[in-house]
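In what follows, a single structure is set out as structure tokens and then discussed.
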Amino acid sequence: MKDILIIIGASGHGKVVADIAIKMNKWQSIAFFDDDESIKASMGLKVIGNTTDAYIYIDKADFFVAIGNNATREKVQEKLMDEGMSVVSLIHPSAVIGTDVEIGIGTAVMAGVVINSSSKIGKGCIINTSSSLDHDNVIEDYVHISPGVNLAGTVKIGKGSWIGIGSVVSNNVNLCSGCKVGAGAVVVKDITESGTYVGVPVRRVVR
Ligand SMILES: CC(C)(COP(=O)(O)OP(=O)(O)OC[C@H]1O[C@@H](n2cnc3c(N)ncnc32)[C@H](O)[C@@H]1OP(=O)(O)O)[C@@H](O)C(=O)NCCC(=O)NCCS
């Protein structure tokens, strides 16, 4: 644990992430990096550089990538890790984490989340506000579980998938990598082909 936490991305998602870090009370100072030079501060926290400046802080700072897009977050986090930066996970103090739960590097667990026993969360995931993940879930790397999602027991979500706000996945259902599930959708069967799925029960959106 270093003295400074640098959050990459000063957008709305970055603000929610910064709030978690403030509440964790582990860093002497918290600042942002953002590639938009016009943003000087966010929520009273300074923007002190952009991703190309990370090496300046290699000995002094922990890093967290607060970029909502799964593929971009993966790219930036993997580069930081390859360069030997310290990437941390952020877990809101109100989150309820069960026994035998694993949470990967660079993952954010937001306010009001419940993750039940023996679930495994990969690296660089967003487990967003008030989502509920029951027992024995496997959430692969760089997945976004949106606010208010309910995952039943023994659900598997493949790498880089985005599960939309308020959606539901029934027990023992597997989603392959690269799935996008729409707001309010209900998934009751395995999804084996990447793509966008909406509705109750879900149908694939064909373009
Ligand atoms: C699923 C989603 C990603 C699709 O976005 P898109 O690729 O831009 O697709 P479109 O808006 O063009 O919609 C395609 C079709 O699916 C329908 N559709 C889109 N989202 C839907 C949803 N959530 N439920 C039901 N139908 C939906 C549209 O009405 C449209 O139907 P049509 O072809 O019959 O007209 C998006 O609508 C969505 O639900 N995003 C989730 C947002 C979210 O969770 N935000 C939280 C961030 S923290």
Side-chain angles (χ1 to χ4, degrees), residues 5-21 30-39 42-43 45 47-54 62-83 85-92 103-111 113 121-131 133 137-149 151 156-167 169 175-185 187 191 193-198 202 204-205 207:
L5 175 68
I6 295 175
I7 296 167
I8 298 178
S11 65
H13 176 54
K15 289 183 187 179
V16 180
V17 163
D19 179 66
I20 300 174
I30 299 170
F32 287 105
F33 274 1
D34 202 290
D35 289 345
D36 181 347
E37 286 179 12
S38 69
I39 305 172
S42 181
M43 261 187 12
L45 302 172
V47 177
I48 59 169
N50 61 49
T51 39
T52 60
D53 299 322
D62 291 321
F63 290 86
F64 187 89
V65 183
I67 296 172
N69 180 279
N70 290 340
T72 310
R73 188 170 65 260
E74 174 178 3
K75 200 169 144 210
V76 174
Q77 178 170 328
E78 290 294 322
K79 186 162 187 286
L80 287 175
M81 293 195 306
D82 285 351
E83 290 170 348
M85 308 293 165
S86 163
V87 177
V88 294
S89 300
L90 298 176
I91 299 174
H92 193 283
I103 294 174
I105 293 170
T107 285
V109 178
M110 297 192 168
V113 165
I121 316 293
K123 59 184 170 177
C125 292
I126 303 170
I127 311 299
N128 221 318
T129 311
S130 293
S131 55
L133 289 63
N137 277 205
V138 175
I139 311 298
E140 292 188 342
D141 298 340
Y142 302 105
V143 162
H144 181 178
I145 305 292
S146 295
V149 165
L151 305 183
K156 184 175 171 195
I157 308 290
K159 189 180 172 198
S161 291
W162 177 26
I163 311 302
I165 189 162
S167 55
V169 182
L175 275 65
C176 65
S177 63
C179 289
K180 216 185 252 189
V181 173
V187 187
I191 296 179
E193 207 177 328
S194 63
T196 301
Y197 293 82
V198 300
V202 287
R204 186 155 189 227
V205 178
R207 288 173 187 285

Which residues share a salt bridge (charged side-chain N to carboxylate O under 4.0 Å, His left out) with Asp35, sequence neighbours left out: none
List the residues meeting side-chain contact (heavy atoms from CB on, under 4.5 Å) with Asp62, not counting sequence neighbours, and say none if there are none. Met1, Lys2, Leu5, Trp27, Ser86, Val88
Find the distance between OG (Ser161) and CG (Leu175) and round it off to the nearest 0.5 Å. 6.0 Å
Apply side chain to side chain donor-acceptor pair (under 3.5 Å) to Asn137 and list each qualifying residue two or more places apart in sequence or on a separate chain. none
Heavy-atom nearest pair, Cys176 first then Ser194, reads SG-N, 3.4 Å
Just how far is it from atom CD1 of Ile6 to atom CD1 of Ile48, taken to the nearest 0.5 Å? 4.0 Å
What distance separates Leu151 CG from Ile145 CD1, expressed to the nearest 0.5 Å? 5.0 Å
Identify all side-chain donor-acceptor contacts of residues 8-20 below 3.5 Å with residues at least two apart in sequence or on another chain.
residue	atom	partner	partner atom	Å
Ser11	OG	His13	N	3.4
Asp19	OD1	Lys23	NZ	2.7
Asp19	OD2	Lys23	NZ	3.1

In terms of heavy-atom contacts, Ser89 and Gly104 come closest through OG-O, 2.7 Å
Between Gly158 and Val143, which heavy-atom pair has the shortest distance, and what is it? O-CG2, 3.2 Å
Partners of Ala54 by side-chain contact (heavy atoms from CB on, under 4.5 Å), sequence neighbours excluded? Phe33, Phe63, Leu80, Met85
What's the separation between atom CG in Asn69 and atom CD1 in Ile126, rounded to the nearest 0.5 Å? 9.0 Å
What is the minimum heavy-atom distance between Val198 and Gly182, and which atoms define it? CG1-CA, 4.1 Å
With a 3.5 Å distance limit and no angle check, can you tell me whether Thr107 reaches the backbone of Cys125 through a side-chain donor-acceptor pair? yes
Can you list everything that forms a side-chain contact (heavy atoms from CB on, under 4.5 Å) with Ala111? Sequence neighbours excluded, please. His92, Ser94
Residues in side chain to side chain donor-acceptor pair (under 3.5 Å) with Glu78, at least two apart? Lys123, Tyr142
With Ile165 via side-chain contact (heavy atoms from CB on, under 4.5 Å) - residues at least two apart: Ser146, Pro147, Ala183
Donor-acceptor contact below 3.5 Å, side chain Ser131 vs main chain Gly148: no
For Ser130, which residues count as a side chain to side chain donor-acceptor pair (under 3.5 Å) partner, sequence neighbours excluded? none
Hits for salt bridge (charged side-chain N to carboxylate O under 4.0 Å, His left out) against Glu193, two or more places apart or cross-chain, chain-then-number order -> Arg204
Can any side-chain N or O of Gln77 pair as donor or acceptor with the backbone N or O of Ile105 at less than 3.5 Å? yes
All heavy atoms of Ile67 vs all of Arg73, minimum pair found to be O-NH1, 2.9 Å
Contacts of Lys180 that satisfy salt bridge (charged side-chain N to carboxylate O under 4.0 Å, His left out) - sequence neighbours left out: none
How far apart are the C-alpha atoms of Ile191 and Tyr197, what are their side-chain angles, what is the distance that settles it, and do they pass the side-chain contact (heavy atoms from CB on, under 4.5 Å) test? CA-CA 9 Å; Ile191 296 179; Tyr197 293 82; 3.4 Å; yes
All ring pair (Phe, Tyr, Trp, His ring centres under 6.0 Å) counterparts of Phe64, not counting sequence neighbours: none
Please check: side-chain N/O of Asn128 versus main-chain N/O of Met110, any donor-acceptor pairing under 3.5 Å? no
Heavy-atom pair with the smallest gap, counting every atom of Ile7 and Ala66: CG2-CB, 3.6 Å
Spatial distance of atom CD1 (Ile139) from atom CD1 (Ile103) [nearest 0.5 Å]: 11.0 Å
Taking the side chain from Glu140 and the backbone from Lys159, do they hold a donor-acceptor pair closer than 3.5 Å? yes
